[in-house]
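Quick notes on the structure that follows.
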Amino acid sequence: ETLLATEFLIFHRVVCIIISIFLLGYLCIGQQKELISSQRANKKYIKRLEYISDHDHLTQIPNRRCIIRRVSEMKDFTLVIFDIDNFKSINDTYGHHVGDQILCRLTRRVLSMLPEEAQMGRWGGEEFLVVYPYHKDSVRQNLETIRSTIAEKPFGFEDFMLNVSITAGVAWSRKKNTFDEIVAEADFLLYHGKKTGKNKV
């Protein structure tokens with residue numbers, strides 16, 4: 001009886017150990033799955049935060065911070081700053097909700113006409129920046145096409161049509177120029193265009 005009791009006790013302990021191992025394994029697997037799920041959720045959250053920090057909330061295109069970072073990685077490029085002519089008048093006459101729609105719809109229209117390798121960002125307010133990663137005559141041709149298309153195709157609303165035009169300043173990168181100097185040159189040409197009639201590149 002004593003031997004039988006000893007064997008039963010050993011068997012009982014072995015069973016308890018086996019059950020404990022299975023339970024521990026089950027808990028570890030459950031925690032691992034939970035950890036993997038949490039990591040995936042964190043990655044999605046981080047990607048979302050990165051997108052928000054790099055994109056303009058209204059137009060959903062790269063913001064100033066993002067476009068500056070991208071341009072800093074380029075060696076030779078053509079930089080364009082353009083804005084919407086008389087935009088304050090649009091806001092004052094039709095309201096900011098119409099102004100916001102113009103910004104979004106004009107963004108989509110310009111993007112549809114840009115070559116794939118060009119990048120567009122919102123510079124601030126009604127100003128946008130476009131970067132072409134090269135110096136070519138096709139840049140001027142592309143900009144003229146964009147300018148004329150916007151001027152010739154008014155934006156339609158429920159009870160009115162709104163004519164919009166843009167003016168652009170264009171500058172080319174040079175080894176001696178800093179990014180700020182190139183932006184300043186494009187900006188100077190933009191405002192020269194404004195003073196000499198608008199709706200021009």
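The aromatic rings of Phe160 and Phe157 lie parallel to each other, with less than 30° between the two planes, well short of the 60° mark.
Judged by distance alone, with hydrogens and angles left aside, the side-chain atoms of Ser165 form no donor-acceptor pair with the main-chain N or O of Ala151 at under 3.5 Å. Panel note: side chain Asp85, backbone Asn199; a donor-acceptor pair is recorded below 3.5 Å. A donor-acceptor pair under 3.5 Å links the side-chain atoms of Asn142 to the main chain of Met113, judged by distance alone. The backbone N or O of Gly124 sits nowhere less than 3.5 Å from a side-chain atom of Glu127 that would complete a donor-acceptor pair. No donor-acceptor pair under 3.5 Å is formed between the side chain of Arg122 and the backbone N or O of Thr107. At least one donor-acceptor pair under 3.5 Å links the side chain of Arg64 to the backbone N or O of Trp123. With Arg105 contributing its side chain and Gly156 its backbone, the two residues share a donor-acceptor pair below 3.5 Å.
Here Leu189 contributes atom CG and Glu185 contributes atom CD; the two are 5.5 Å apart, rounded to the nearest 0.5 Å. In this structure, the separation between OG1 on Thr93 and NZ on Lys88 is 9.0 Å, given to the nearest 0.5 Å. Atoms CG and SG, from Asp56 and Cys104 in turn, are 8.0 Å apart once rounded to the nearest 0.5 Å. For the atom pair Tyr191 OH and Thr167 OG1, the distance stands at 10.5 Å (nearest 0.5 Å). To the nearest 0.5 angstrom, Ile146 atom CD1 is 12.0 Å from Gln141 atom CD.
At a threshold of 4.5 Å between side-chain heavy atoms, the hydrophobic network of Ile, Leu, Val, Met, Phe, Trp and Tyr places Ile102 and Ile150 in one connected group. Criterion: ILVMFWY side-chain heavy atoms under 4.5 Å apart, direct or through other members. Under it, Ile68 and Tyr132 are not part of a common hydrophobic cluster. There is a path of hydrophobic side-chain contacts, each under 4.5 Å, that joins Val130 to Tyr134. Transitive grouping of hydrophobic side chains (ILVMFWY, heavy atoms separated by less than 4.5 Å) keeps Val131 and Trp172 in distinct clusters. Under the 4.5 Å side-chain heavy-atom criterion for ILVMFWY residues, a single connected hydrophobic cluster contains both Val183 and Met74.
When each of Arg48, Lys47, Arg65 is checked for a salt bridge (Lys or Arg N to Asp or Glu O under 4.0 Å) with Asp54, only Arg65 meets the rule. Screening Lys198, Lys194, Lys200 for a side-chain hydrogen bond (donor to acceptor under 3.5 Å, both in side chains) with Thr196, the sole residue that qualifies is Lys200.
The shortest distance between side-chain heavy atoms of Phe128 and Val110 does not fall below 4.5 Å. Asn86 places none of its side-chain heavy atoms less than 4.5 Å from the side chain of Ile90. Taking 4.5 Å as the limit, every side-chain heavy atom of Ser72 sits out of range of all side-chain heavy atoms of Phe179. Arg70 has its side chain within reach of Pro62: a pair of non-hydrogen atoms, C-beta onward, lies under 4.5 Å apart. Side-chain contact between Met120 and Leu114: present, with at least one pair of heavy atoms (C-beta onward) separated by less than 4.5 Å. A heavy-atom distance below 4.5 Å is found between the side chains of Leu79 and Leu129. No side-chain heavy atom of Ile67 sits under 4.5 Å from any side-chain heavy atom of Ile61.
In summary, Glu73 and Arg69 do not engage in a salt bridge, as defined by a charged side-chain N under 4.0 Å from a carboxylate O.
Heavy-atom minimum distance, Leu103 versus Thr59: O-CG2, 4.0 Å. Nearest heavy atoms, Arg109 versus Pro154: NH2-O, 4.1 Å. Listed here is the closest heavy atom pair of Ser173 and Ile182: CA-CD1, 3.6 Å. Between Asn91 and Gly99, the shortest heavy-atom contact is OD1-CA, 3.3 Å. Shown here for His55 and Gln60, the closest heavy-atom pair between the two residues is CD2-O, 3.5 Å. Considering all non-hydrogen atoms of both residues, Leu106 and Ile166 come closest at CD1-CG2, 3.9 Å.
Around NE2 of His192, the count of heavy atoms belonging to other residues, nucleotides or ligands within 6.0 Å does not exceed 12.
A cation-pi arrangement is not found for Arg147 relative to Phe82, the charged atom failing to lie both closer than 6.0 Å to the ring centre and inside a 45° cone about the ring normal.
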What's the verdict on side chain to side chain contact (heavy atoms under 4.5 Å, CB included) for Asp76 and His135, showing C-alpha distance, side-chain angles and the deciding distance? CA-CA 7 Å; Asp76 295 311; His135 308 312; 3.9 Å; yes
